[in-house]
Amino acid sequence: MDLPRSFTIRESSHRICNPFTSGKLAVLGQAISPSPGTRMLDLACGKGEMLCTWARDHGVVGTGVDISTVFLDAARARAAELAVADRVGFVHADASGHVADDPVGIAACVGATWIGSGVAGTVELLRRSLVPGGMMLIGEPYWRREPEDQATVDGCHMARKDDLLPLPGLLEQFSDLGCDVVEMVLADQDSWDRYVAAQWLNIRRWLDANPHDGLAAEMRAELTAAPVQHARFQREYLGWGVFVLMDR
């Protein structure tokens, strides 16, 4: 049970495995201002940057769950680096079935709603771990611009146009699920650039070091196509944000 190797190559230098900068992650923490000691569950936590920095900056405690052993090793190293390893822990598991043993004040899934087969299922999963009046954090892409054709949809790594909603439609979906949207912090084009463009250098460095690896041809093809694809499609059409929800 682990992520394909291409993911760990692509995001080898990333601390945040989605189109959020450290500054935006800090803004999100400041926006919701969790009280010291707030318990937090982060499903599909990646390298644990949200948990670790919020433990340092806001005094939260909690657990991150992820399927990637490589990412979890990085998360544990980051916790040690920030001297918060006594406040946060990380579990190697399939986050899609994970419910906290004790209810938490913040339950998060930032950029991985496939663990609940979409937004609705992920909201329901997070609810199962929340204390009454707790907060859910959902990171989710949306259409920044409506795609005109299937080529644009494909260029944004989506199967169908209906796989995403425009921002107003996504906010309406949260409302229809019985949630108040109480905060949001949105990525911008620079956030996308910092996330995606950094992948190109990671891939190139890996290719230079591993020219005869069995994955080299696939990663070379990705590097050749990715910059133009990003500039033409993802950068122009995809939005992304973290939305803070509370049950009504």
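- Here the shortest heavy-atom pairing between Val88 and Ala55 reads CG1-CB, 3.8 Å.
- Relative ring orientation between Tyr142 and Phe243 is described as perpendicular, the plane-to-plane angle rising above 60° on a 0-90° scale split at 30° and 60°.
- A donor atom on one side chain and an acceptor atom on the other are found under 3.5 Å apart for Asp154 and Gln150.
- Atom-to-atom distance recorded for Leu130:CG and Arg128:CZ is 12.0 Å, nearest 0.5 angstrom.
- Of the inter-residue distances, the one linking Ser129 atom OG with Arg39 atom CZ reads 10.0 Å to the nearest 0.5 angstrom.
- Atoms CD and CZ, on Gln229 and Arg235 in that order, are 15.0 Å from each other to the nearest 0.5 Å.
- In this structure, Arg15 and Arg78 approach most closely via the heavy-atom pair NH1-NH2, 3.0 Å.
- No option in Asn18, Leu164, Leu165 other than Leu164 meets the side chain to side chain contact (heavy atoms under 4.5 Å, CB included) test with Pro141.
- Note on Val244 and Ile138: separate hydrophobic clusters, where clusters join Ile, Leu, Val, Met, Phe, Trp and Tyr whose side-chain heavy atoms are under 4.5 Å apart, directly or indirectly.
- For the pair Ser6 and Met219, the minimum side-chain heavy-atom distance is below 4.5 Å.
- Side-chain contact annotation: Ser96 with Asp94, donor-acceptor N/O pair under 3.5 Å present.
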Check step by step if side chain to side chain contact (heavy atoms under 4.5 Å, CB included) holds for Leu125 and Val99. CA-CA 7 Å; Leu125 176 62; Val99 176; 4.2 Å; yes
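- In terms of heavy atoms, Leu3 sits closest to Ser68 at CD1-CB, 3.6 Å.
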Give the table of side-chain donor-acceptor pairs shorter than 3.5 Å for residues 111-123, with sequence neighbours excluded, one pair per line with atom names and distance.
residue: Thr113; atom: OG1; partner: Glu140; partner atom: OE1; Å: 2.7
residue: Thr122; atom: OG1; partner: Thr113; partner atom: O; Å: 2.9
residue: Thr122; atom: OG1; partner: Gly116; partner atom: N; Å: 3.4
residue: Thr122; atom: OG1; partner: Gly118; partner atom: O; Å: 2.8

Show your reasoning for whether salt bridge (Lys or Arg N to Asp or Glu O under 4.0 Å) applies to Lys24 and Asp188. CA-CA 10 Å; Lys24 287 186 179 291; Asp188 53 28; 3.7 Å; yes
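- Residues Leu201 and Val70 do not share a hydrophobic cluster, defined by chaining ILVMFWY side chains whose heavy atoms lie under 4.5 Å apart.
- Between the CZ atom in Arg10 and the CH2 atom in Trp200 there is a gap of 13.0 Å [rounded to 0.5 Å].
- Crowding of Asp208 atom CG: a count of heavy atoms from other residues, nucleotides or ligands under 6.0 Å exceeding 12.
- Counting heavy atoms from C-beta outward, Cys45 and Val65 have side chains that stay 4.5 Å or more apart.
- Checked for salt-bridge contact, Glu49 and Arg56 miss the test: no charged N lies under 4.0 Å from a carboxylate O.
- In this structure, Arg76 pairs ionically with Asp73, as a charged nitrogen and a carboxylate oxygen lie closer than 4.0 Å.
- Between Ser191 and Phe20 there is no side-chain heavy-atom pair separated by less than 4.5 Å.
- With hydrophobic clusters built from ILVMFWY side chains whose heavy atoms lie under 4.5 angstrom apart, Leu171 does not share a cluster with Val182.
- Across all non-hydrogen atoms, the minimal contact from Gly46 to Ala75 is O-CB, 4.3 Å.
- Using a 4.5 Å cut-off on side-chain heavy atoms (C-beta onward), His58 and Pro36 make no contact.
- In the hydrophobic clustering of this structure, Trp54 groups with Val242; members are Ile, Leu, Val, Met, Phe, Trp, Tyr whose side-chain heavy atoms approach within less than 4.5 Å, directly or through other members.
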Between Thr21 and Ile16, is the side chain to side chain contact (heavy atoms under 4.5 Å, CB included) condition met? List the steps. CA-CA 7 Å; Thr21 62; Ile16 301 172; 5.9 Å; no
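- Taking every heavy atom of both residues into account, Leu41 and His98 meet most closely at CD1-CD2, 3.8 Å.
- The minimum heavy-atom distance linking Gly134 with Met246 is given by the pair O-CG, 3.8 Å.
- Residues Val104 and Met135 do not share a hydrophobic cluster, defined by chaining ILVMFWY side chains whose heavy atoms lie under 4.5 Å apart.
- Under the 4.5 Å side-chain criterion, counting only non-hydrogen atoms from C-beta, Pro19 is not in contact with Arg194.
- From Ser12, atom OG reaches atom CG of Asn202 across 3.5 Å, with rounding to the nearest 0.5 Å.
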For Leu25 and Val185, what are the C-alpha separation, side-chain angles and deciding distance, and is it a side chain to side chain contact (heavy atoms under 4.5 Å, CB included)? CA-CA 8 Å; Leu25 185 60; Val185 178; over 6 Å; no
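- Side-chain contact annotation: Asp2 with His92, donor-acceptor N/O pair under 3.5 Å absent.
- With contacts defined as side-chain heavy-atom distances shorter than 4.5 Å, the pair Leu51/Arg87 does not qualify.
- The distance between the ring centers of Trp240 and Tyr195 does not fall below 6.0 angstrom.
- Counting heavy atoms from C-beta on, the side chains of Val84 and Val61 never come closer than 4.5 Å.
- Side-chain contact annotation: Arg248 with Ser175, donor-acceptor N/O pair under 3.5 Å present.
- The closest donor-acceptor contact from the side chain of Asn210 to the backbone of Asp213 lies at 3.5 Å or more, if one exists at all.
- Looking at residues two or more places apart in sequence or on another chain, you find no ring pair (Phe, Tyr, Trp, His ring centres under 6.0 Å) involving Phe90.
- To the nearest 0.5 Å, atoms CZ (Arg127) and CG (Leu245) are separated by 8.5 Å.
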Tell me, with the steps shown, if Arg204 and Glu222 meet salt bridge (Lys or Arg N to Asp or Glu O under 4.0 Å). CA-CA 10 Å; Arg204 175 55 194 263; Glu222 178 177 334; over 6 Å; no
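- Counting heavy-atom neighbours within 6.0 Å of Arg5 CZ, excluding the residue itself, gives a total above 12.
- In this structure the side chain of Ile203 never reaches within 4.5 angstrom of the side chain of Arg205, judged on heavy atoms.
- The side-chain tip of Arg144 does not point at the ring of Tyr237 from less than 6.0 angstrom away and within 45° of straight on.
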Give the intermediate values and the outcome of side chain to side chain contact (heavy atoms under 4.5 Å, CB included) for residues Met158 and Trp143. CA-CA 11 Å; Met158 296 293 142; Trp143 290 123; 4.2 Å; yes
